[in-house]
Amino acid sequence: NGPQSMHMYAPEIARWSTALNDALRFKSALSDHDVELAICTAAREMDCEYVWASHAAAALKAGVRQEAIDIVANQASLDGLTKEEATIVRYGREVIGDHELSQEAFDGAIAQFGEADTITLGALMGYYLMIACTLIATDVRPGEGTPVLPKRT
């Protein structure tokens, strides 16, 4: 039933992770569009099928373009993204995938989000890394008929 059901084995983790999830997703200044694109980027970088299945559809509902979701899913060039989308995806690819953030990507995030929301963006992606670790370690799989994360090429 997802990460919260696994976190119930550690009630304090469940309590605090739920509070953190709510703060990052629902109480930050990031738009639903930006939140969902960031979550999808984190899911792709961690190859977390469950998070992808849960959030690819949510991203569409939040106004993320199908083309942007496909670019993230397939690790394609950022060229087909808007400047704003590319800032989010590049940030996640560099921080999560490369384990470092270029000055150019940092400056782009600061210009787009400001200091506080750039920190929130990174924290949101980091939260979903924790969720991915829980889901992968406990072999929680997405349900039938949900969006499928393509295998890495």
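In this text the structure is predicted, and so the values were computed from the model without any measurement.
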Item to complete: Establish whether Trp16 and Leu124 are linked, either directly or via other cluster members, by ILVMFWY side-chain heavy-atom contacts under 4.5 Å.
Response: no
Worksheet, complete the sentence: dist Gln112:CD -> Leu121:CG (nearest 0.5 Å) comes out at 8.5 Å
Item to complete: Compare every heavy atom of Met8 with every heavy atom of Ala14, then report the nearest pair and how far apart it is.
Response: CB-SD, 3.7 Å
Practice prompt. List the steps, then state whether side-chain contact (heavy atoms from CB on, under 4.5 Å) holds for Glu85 with Arg65.
Written response: CA-CA 10 Å; Glu85 292 166 342; Arg65 298 176 308 120; 2.6 Å; yes
Discussion item. Is it the case that the side chains of Glu94 and Ser102 hold a donor-acceptor pair, with the cut-off being a distance below 3.5 Å and no angle test?
Written reply: yes
Practice prompt. Treat each ILVMFWY residue as a node, draw an edge where side-chain heavy atoms are under 4.5 Å apart, and state whether Phe113 and Ile119 are in one component.
Written response: no
Worksheet item: If you measure from CG on Leu149 to OH on Tyr50, what distance do you get to the nearest 0.5 Å?
Response: 14.5 Å
Practice prompt. Would you name the heavy atoms of Leu20 and Tyr127 that are closest together and state the gap between them?
Written response: CD2-CD1, 3.7 Å
Worksheet entry | Step-by-step side-chain contact (heavy atoms from CB on, under 4.5 Å) determination, Asp98 to Arg93 | CA-CA 7 Å; Asp98 299 339; Arg93 285 180 178 178; 5.7 Å; no
Discussion item. Between Ile131 and His7, is the side-chain contact (heavy atoms from CB on, under 4.5 Å) condition met? List the steps.
Written reply: CA-CA 9 Å; Ile131 293 301; His7 284 167; 3.7 Å; yes
Worksheet entry | Over 12 non-hydrogen atoms of neighbours within 6.0 angstrom of CD1 in Ile13 | no
Worksheet item: What do you reckon, is OH of Tyr9 surrounded by more than 12 foreign heavy atoms closer than 6.0 Å?
Response: no
Item to complete: Using the side-chain contact (heavy atoms from CB on, under 4.5 Å) rule, take His99 and Val95 through it: C-alpha gap first, then chi angles, then the decisive distance, then the call.
Response: CA-CA 5 Å; His99 306 161; Val95 169; over 6 Å; no
Got a list of side-chain donor-acceptor pairs under 3.5 Å for residues 34-45, not counting sequence neighbours?
residue : atom : partner : partner atom : Å
Asp34   : OD2  : Ser31   : OG           : 3.4
Glu36   : OE1  : His55   : ND1          : 2.7
Thr41   : OG1  : Leu37   : O            : 2.8
Arg44   : NH1  : Ala73   : O            : 2.7
Arg44   : NH1  : Pro150  : O            : 2.8
Arg44   : NH2  : Asp47   : OD1          : 2.5
Arg44   : NH2  : Pro150  : O            : 3.3

Worksheet entry | Donor-acceptor contact below 3.5 Å, side chain Thr146 vs main chain Gly143 | yes
Worksheet item: Looking only at heavy atoms, what is the nearest atom pair of Ala29 and Asp117, with distance?
Response: CB-OD2, 3.4 Å
Worksheet item: For Tyr91 and Thr118, which heavy atoms make the closest approach, and how far apart are they?
Response: OH-O, 3.7 Å
Worksheet item: Would a 4.5 Å heavy-atom cut-off, applied to side chains only, mark Met46 and Met125 as touching?
Response: no
Discussion item. So for atom CD, which belongs to Gln66, do other residues, nucleotides or ligands contribute more than 12 heavy atoms lying within a distance under 6.0 Å?
Written reply: yes
Discussion item. With a sphere of 6.0 Å drawn around CD of Glu100, does it hold more than 12 non-hydrogen atoms of other residues, nucleotides or ligands?
Written reply: no
Worksheet entry | Distance (rounded to the nearest 0.5 Å) between Glu67 CD and Ile71 CD1 | 4.5 Å
Item to complete: Report yes if some heavy atom in the side chain of Pro147 is under 4.5 Å from a heavy atom in the side chain of Trp52; otherwise report no.
Response: yes
Discussion item. Tell me whether Thr120 contacts the main-chain N or O of Ser28 through its side chain, where contact means a donor paired with an acceptor under 3.5 Å.
Written reply: no
Item to complete: For residues Met130 and Ser17, report the shortest heavy-atom separation together with the two atoms involved.
Response: CE-CB, 3.7 Å
Item to complete: List for me each residue that meets side-chain hydrogen bond (donor to acceptor under 3.5 Å, both in side chains) alongside Tyr128, sequence neighbours excluded, and say none if there are none.
Response: Asn21
Fill in: Distance-minimising heavy-atom pair for Leu135 and Cys48
CD1-SG, 3.9 Å
